[in-house]
Amino acid sequence: MAIKKTELYARLWDGCNALRGGMDASQYKDYVLTLLFIKYVSDKYYNNPKGLVVIPENSSFDYIISLKGKDDIGDKMNKAIASLAEANGLRGVIDHTDFNDDNKLGSGKAMVDRLSKL
């Protein structure tokens, strides 16, 4: 389902606001663009055997959404992204952002809340 450009911009802004406080604003793009890429390829290629991108079972955007509120959300997001990168020869391209970084995302409940909002 297509969304309006203004709604997309609002969602991107909300994502950046979720990251505010723990890192420099120039680093927001690493987190937001990684998730946008996963959302795009999941929508386009998940369960598509002829697709250009292989989406492993625990690497889809829906899987990442299912992690909301879980204590190990950052670690599982890293593993999901690493699995997607490995399956598609994208090591070092989409898996360089650490979604389990205490210094940037906080720790414990603060990290869980920040990543769940993102």
Side-chain angles (χ1 to χ4, degrees):
M1 179 174 150
I3 63 172
K4 294 181 180 181
K5 193 181 338 181
T6 55
E7 186 178 347
L8 175 63
Y9 291 157
R11 288 185 183 185
L12 290 171
W13 188 255
D14 290 343
C16 291
N17 279 334
L19 296 171
R20 190 178 308 275
M23 65 186 83
D24 186 69
S26 66
Q27 295 173 317
Y28 297 169
K29 70 181 179 325
D30 297 335
Y31 293 87
V32 173
L33 291 176
T34 299
L35 291 179
L36 276 175
F37 174 77
I38 294 169
K39 171 70 170 140
Y40 174 77
V41 298
S42 291
D43 286 351
K44 189 154 179 89
Y45 299 112
Y46 190 66
N47 287 332
N48 182 351
K50 296 181 182 180
L52 296 175
V53 177
V54 175
I55 311 292
E57 186 175 335
N58 289 336
S59 295
S60 70
F61 190 75
D62 288 340
Y63 171 75
I64 290 174
I65 292 297
S66 76
L67 299 174
K68 281 184 173 184
K70 295 187 178 179
D71 291 339
D72 56 352
I73 185 173
D75 183 52
K76 287 192 174 183
M77 286 176 77
N78 282 343
K79 288 177 181 175
I81 295 165
S83 176
L84 181 66
E86 185 69 34
N88 293 286
L90 296 172
R91 278 255 176 229
V93 178
I94 64 166
D95 60 348
H96 70 278
T97 303
D98 185 0
F99 284 84
N100 203 32
D101 187 338
D102 292 346
N103 294 326
K104 292 180 182 174
L105 299 168
S107 60
K109 183 170 174 13
M111 178 189 288
V112 171
D113 290 346
R114 186 167 276 143
L115 289 175
S116 294
K117 288 178 186 175
L118 178 62

ask   = After noting the C-alpha distance and the side-chain angles of Asp62 and Ser42, does the key distance pass the side chain to side chain contact (heavy atoms under 4.5 Å, CB included) rule?
value = CA-CA 8 Å; Asp62 288 340; Ser42 291; over 6 Å; no
Using the rule that Ile, Leu, Val, Met, Phe, Trp and Tyr join whenever any side-chain heavy atoms are under 4.5 Å apart, tell me whether [X] and [Y] fall into a single cluster.
X	Y	answer
Val54	Val93	no
Tyr63	Tyr40	yes
Trp13	Leu33	no

Enter the distance from [X]:[atom1] to [Y]:[atom2] here, rounded to the nearest 0.5 Å.
X	Y	atom1	atom2	result
Tyr46	Glu57	OH	CD	6.0 Å
Asp30	Ile94	CG	CD1	13.0 Å
Asp102	Met111	CG	CE	4.5 Å
Leu67	Asp72	CG	CG	7.5 Å

Indicate yes or no for a side-chain donor-acceptor contact from [X] to the backbone of [Y] under 3.5 Å, with no hydrogens or angles considered.
X	Y	result
Asn88	Ala85	no
Thr97	Tyr31	no
Ser83	Ala80	no

Which pair of non-hydrogen atoms, one from [X] and one from [Y], has the smallest distance, and what is that distance?
X	Y	answer
Ile81	Phe99	CD1-CE1, 3.4 Å
Gly69	Ser116	N-OG, 2.8 Å
Lys104	Arg114	O-NH1, 3.8 Å

message = Under the criterion side chain to side chain contact (heavy atoms under 4.5 Å, CB included), I'd like the reasoning laid out for Arg91 against Asp95: C-alpha separation, chi angles, the key distance, then a yes or no.
response = CA-CA 6 Å; Arg91 278 255 176 229; Asp95 60 348; 2.8 Å; yes
query = Of Thr34, Leu36, Leu35, which is the lone residue that meets side-chain contact (heavy atoms from CB on, under 4.5 Å) with Val32?
reply = Leu36
request  = With Leu105 as reference, evaluate Asp113, Leu115, Asp98 under the side-chain contact (heavy atoms from CB on, under 4.5 Å) test and give the passing residue.
outcome  = Leu115
ask   = Is there side-chain contact between Leu84 and Val41, with at least one heavy-atom pair below 4.5 Å?
value = yes
request  = For residues Met77 and Asn100, determine if any side-chain heavy atom of one lies less than 4.5 Å from a side-chain heavy atom of the other.
outcome  = no
request  = For a side-chain hydrogen bond (donor to acceptor under 3.5 Å, both in side chains) with Glu7, tell me which candidate from Lys5, Arg11, Lys4 qualifies.
outcome  = Arg11
key: Asp71: salt bridge (Lys or Arg N to Asp or Glu O under 4.0 Å) partners, not counting sequence neighbours   = none
query = Counting only heavy atoms not in Lys29, do more than 12 fall under 6.0 Å of its NZ?
reply = yes
